[in-house]
Amino acid sequence: MGGVKPKKIVSITSVYSFLIIVGVISIYPAIWVIMSSLRVGGSLFSESLIPRQVTFIHYKELFAKYDFGLWYLNSVKISVISTIFMTILILLTGYIFSTFRFGGRKTLMSTLLVLGLFPSFMSMIAVYILLNMMNLLDTHLAVIIVYVAGSPVFFLFAKSYFDTIPKGLVEAARIDGANHLGVFFRIVAPLSTPMIVYMALLSFTGTFTDFIFARLVLSSTETKTLAVGLYDMITTNFSNDFTVFAAGCVLIAIPITLLFMIMQRFLVDGLTAGGEKG
């Protein structure tokens with residue numbers, strides 16, 4: 001017993017030391033960006049992490065010198081609409097594969113899984129040409145359509161969760177005369193709140209911070225999102241407006257951070273649920 005206890009102490013110490021190192025590495029860039037947004041001047045370089053003089057002028061410059069408010073509204077609009085349709089489509093796709101047995105089911109599931117392995121930017125040229133042919137370039141509708149159309153490849157998590165719901169509940173609802181949509185919205189969806197919140201959060205953060213596709217499609221000032229607008233800001237005035245850029249990054253992080261804090265309980269439940277069955 002005397003030899004077991006020191007090993008356990010060393011093991012626990014090693015684990016916590018590793019977690020502390022990872023935490024510092026993860027948190028330091030965020031703190032550095034926040035401190036940069038409060039630093040006087042616009043220089044990237046600073047001798048210390050904590051600024052000697054604190055100012056909030058850079059947050060005012062975001063709205064005075066740039067169309068930051070418009071970019072913010074564009075990002076929120078695209079993200080909210082995309083999240084609603086993406087979440088519904090993912091849930092319906094997962095429910096169909098979990099509940100129904102039809103010809104080609106496994107083949108279709110395998111196809112979606114394989115498609116999900118490929119980076120989305122591989123198809124961007126083809127998507128760009130299609131959007132150009134449909135006269136949808138430089139529109140928010142184009143971005144929303146592409147986001148929503150690519151969401152079914154994430155069906156597996158929803159399917160795994162639906163597999164854990166007792167089939168007796170579904171069968172009882174069917175006996176009472178409920179159709180498939182009634183079963184889904186009245187029985188399955190209320191029991192899947194943690195997973196729905198988890199998928200909605202991932203969808204929102206992914207679309208809210210997306211840059212590559214938004215940069216490809218959106219070009220005018222009126223349609224730019226936050227990621228595209230901030231990128232254009234630093235590519236044209238990097239040496240002068242870096243602290244303003246840092247202020248923009250802080251404002252972008254605030255709603256996402258608040259959402260994760262408010263929905264933390266559902267997020268943890270959503271991550272752990274659905275792991276009992278595949």
Checklist entry - In Å and rounded to the nearest 0.5 Å, what is the CG to CE distance from Leu131 to Met134? => result 5.0 Å

Checklist entry - Checking ring-ring contact (aromatic ring centres under 6.0 Å, His included) for the pair Phe242/Trp32: CA distance, chi angles, key distance, verdict? => result CA-CA 12 Å; Phe242 179 78; Trp32 184 83; 5.7 Å; yes

Item to check | Test item: Phe97 and Leu156 side chains (from C-beta on) under 4.5 Å apart, heavy atoms | outcome: no

Next on the checklist: Using modelled atom types and a 3.5 Å cut-off, is there a donor and acceptor pairing between side-chain atoms of Ser37 and backbone atoms of Ile34?
Outcome noted: yes

Item to check | Check: Phe155 main-chain N/O paired with Thr93 side-chain donor or acceptor under 3.5 Å | outcome: no

Item to check | Phe18, CZ atom: more than 12 neighbouring heavy atoms under 6.0 Å | outcome: no

Checklist outcome for this item: side chain to side chain contact (heavy atoms under 4.5 Å, CB included) test vs Ile144 passes for just one of Thr139, Ile78, Thr207, namely Ile78

Item to check | Atom pair OH/CG of Tyr59 and Leu38 - distance to nearest 0.5 Å | outcome: 5.0 Å

Next on the checklist: Run the side-chain contact (heavy atoms from CB on, under 4.5 Å) test on Thr243 and Thr55 for me, step by step, so that the C-alpha distance in whole Å, both residues' side-chain angles and the decisive distance to 0.1 Å come before the verdict.
Outcome noted: CA-CA 11 Å; Thr243 47; Thr55 179; over 6 Å; no

Checklist entry - How are the rings of Trp71 and Tyr66 set to each other: parallel, tilted or perpendicular (split at 30° and 60°)? => result tilted

Checklist entry - Do Arg215 and Asp232 have side chains that get closer than 4.5 Å, going by heavy atoms? => result yes

Checklist entry - Looking only at heavy atoms, which two atoms of Met195 and Tyr161 are closest? And how far apart? => result CB-CD1, 3.6 Å

Next on the checklist: Under the criterion side-chain contact (heavy atoms from CB on, under 4.5 Å), I'd like the reasoning laid out for Leu91 against Phe184: C-alpha separation, chi angles, the key distance, then a yes or no.
Outcome noted: CA-CA 9 Å; Leu91 294 177; Phe184 177 78; 3.7 Å; yes

Checklist entry - Atom CG in Leu130, atom CG in Leu137: separation rounded to 0.5 Å? => result 10.5 Å

Next on the checklist: For Thr209 versus Ala227, what's the shortest heavy-atom pair and its separation?
Outcome noted: O-CB, 4.2 Å

Checklist entry - Can you name the nearest heavy-atom pair linking Pro190 to Thr193, along with the distance? => result O-OG1, 3.2 Å

Next on the checklist: Donor-acceptor check, side chain of Ser79 to backbone of Val76, threshold 3.5 angstrom: yes or no?
Outcome noted: no

Checklist entry - Between the side chain of Thr87 and the main-chain N/O of Ile84, is any donor-acceptor distance below 3.5 Å? => result no

Next on the checklist: Any heavy-atom pair between the side chains of Phe157 and Ile90 that's under 4.5 Å?
Outcome noted: no

Next on the checklist: Closer than 3.5 angstrom, by distance alone: can the side chain of Asp138 be matched with the main-chain N or O of Ser220 as a donor-acceptor pair?
Outcome noted: yes

Item to check | Verdict with reasoning, Lys224 to Asp67, per salt bridge (charged side-chain N to carboxylate O under 4.0 Å, His left out) | outcome: CA-CA 9 Å; Lys224 286 181 181 178; Asp67 295 319; over 6 Å; no

Checklist entry - Side chains of Phe208 and Thr225: closer than 4.5 Å at any heavy-atom pair? => result no

Checklist entry - Quick one: ring pair (Phe, Tyr, Trp, His ring centres under 6.0 Å) partners of Phe68, sequence neighbours excluded? => result Phe63, Tyr72

Checklist outcome for this item: Between Cys249 and Leu230, the two heavy atoms sitting closest are N-CD1, 4.3 Å

Next on the checklist: Using a 3.5 Å distance criterion without hydrogens, assess whether the side chain of Asn74 forms a donor-acceptor pair with backbone atoms of Glu222.
Outcome noted: yes

Checklist entry - Quick one: salt bridge (charged side-chain N to carboxylate O under 4.0 Å, His left out) pairs with a partner in residues 96-122, sequence neighbours left out? => result none

Checklist entry - Hey, what do you get for CD (Glu61) to CE (Met233), rounding to the nearest 0.5 Å? => result 10.0 Å

Item to check | Flag, side chain of Thr99 to backbone of Tyr95, donor-acceptor distance under 3.5 Å | outcome: yes

Item to check | Any side-chain heavy-atom pair of Ile96 and Phe102 under 4.5 Å | outcome: yes

Next on the checklist: How close do Leu89 and Ser151 get, counting heavy atoms only, and between which atoms?
Outcome noted: CD2-OG, 3.6 Å

Item to check | Taking every non-hydrogen atom, the tightest pair across Leu70 and Thr221 | outcome: CD2-O, 3.8 Å

